[in-house]
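Beneath this line is the structure, given in structure tokens, with notes to follow.
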Amino acid sequence: MSKEVAVLATVAAGGVVALQAPANNVLSKYLGSFGAAVASFSVGLIVIVVVTFAFAGGIQSDGAAPAWYYWILGGIGGVVIVTVSLIAVRELGAGGVTAATIAGQLALSVVIDRM
């Protein structure tokens, strides 16, 4: 993938993220906050499994596995961002949630890059 395509894909994904919190907020009115998060992850799981096997040739491994905490951190990170954003969007709106999320990402990214 070229850098130009990567930037465009990332911008498009950012637009989808802006839609995700309000959509999950609507779901939360019917399912509760954690129920909406479960619905979001369930649909996401189904989609990524289909994409993985239909377009990427399935799960591929070189036999090595990363440390256990990478598995935990990835999963917890997804739960935190989805759940907090669907709750916070009620007070901050989609723009506020996006701005606050980006601020947090930038701040921690600087710390991670320095480590």
* **Ala21 versus Val97, closest heavy-atom pair with distance** => CB-CG1, 4.5 Å
* Decide whether Val79 and Ile81 are clustered together by the hydrophobic rule: side chain heavy atoms of Ile, Leu, Val, Met, Phe, Trp, Tyr closer than 4.5 Å, transitively. => yes
* Structure fact -> Going by chain and number, the hydrophobic cluster around Val11 (ILVMFWY, side chain to side chain under 4.5 Å) further includes Val7
Would you give me the side-chain donor-acceptor pairs under 3.5 Å for residues 52-60, sequence neighbours excluded?
residue, atom, partner, partner atom, Å
Thr52, OG1, Ile48, O, 2.6
Gln60, NE2, Ala56, O, 3.1

* Asked: Is it the case that one hydrophobic cluster holds both Leu27 and Ile87, taking links as side-chain heavy atoms less than 4.5 Å apart, direct or via other members?
  -> no
* Nonpolar side-chain network containing Trp71, other nodes, edges under 4.5 Å -> none
* Spatial distance of atom CZ (Phe34) from atom CG (Leu86) [nearest 0.5 Å] -> 9.0 Å
* **Atom of Ala94, atom of Pro22 and distance for their closest heavy-atom approach** => CB-CG, 3.8 Å
* When rounded to the nearest 0.5 angstrom, what is the spacing between CG in Leu31 and CG in Asn24? -> 10.0 Å
* To do: Using side-chain contact (heavy atoms from CB on, under 4.5 Å) as the criterion, list what pairs up with Ala18, not counting sequence neighbours.
  => Thr98
* Starting at CZ of Arg90, measure out to OG of Ser85 and round the result to the nearest 0.5 Å. => 10.5 Å
* To do: Quick one: name the residues clustered hydrophobically with Leu108, using the 4.5 Å side-chain heavy-atom rule over I, L, V, M, F, W, Y, and just say none if it's on its own.
  => Val111, Ile112, Met115
* Structure fact -> Output for pair (Tyr69 OH, Ile76 CD1), nearest 0.5 Å, gives 14.0 Å
* Asked: Which residues, ordered by chain and number, are linked to Ile102 in its hydrophobic cluster, where ILVMFWY side chains connect at heavy-atom gaps below 4.5 Å, directly or through other members?
  -> Leu106
* Between atom CG of Leu73 and atom CH2 of Trp68, what is the distance when rounded to the nearest 0.5 Å? -> 10.0 Å
* Flag yes if Ile72 and Val80 sit in one hydrophobic cluster, no otherwise; membership is Ile, Leu, Val, Met, Phe, Trp, Tyr, and two members link when side-chain heavy atoms are under 4.5 Å apart. => yes
* Kindly say whether Ala37 contributes a backbone atom to a donor-acceptor pair with the side chain of Ser40 at under 3.5 angstrom? => no
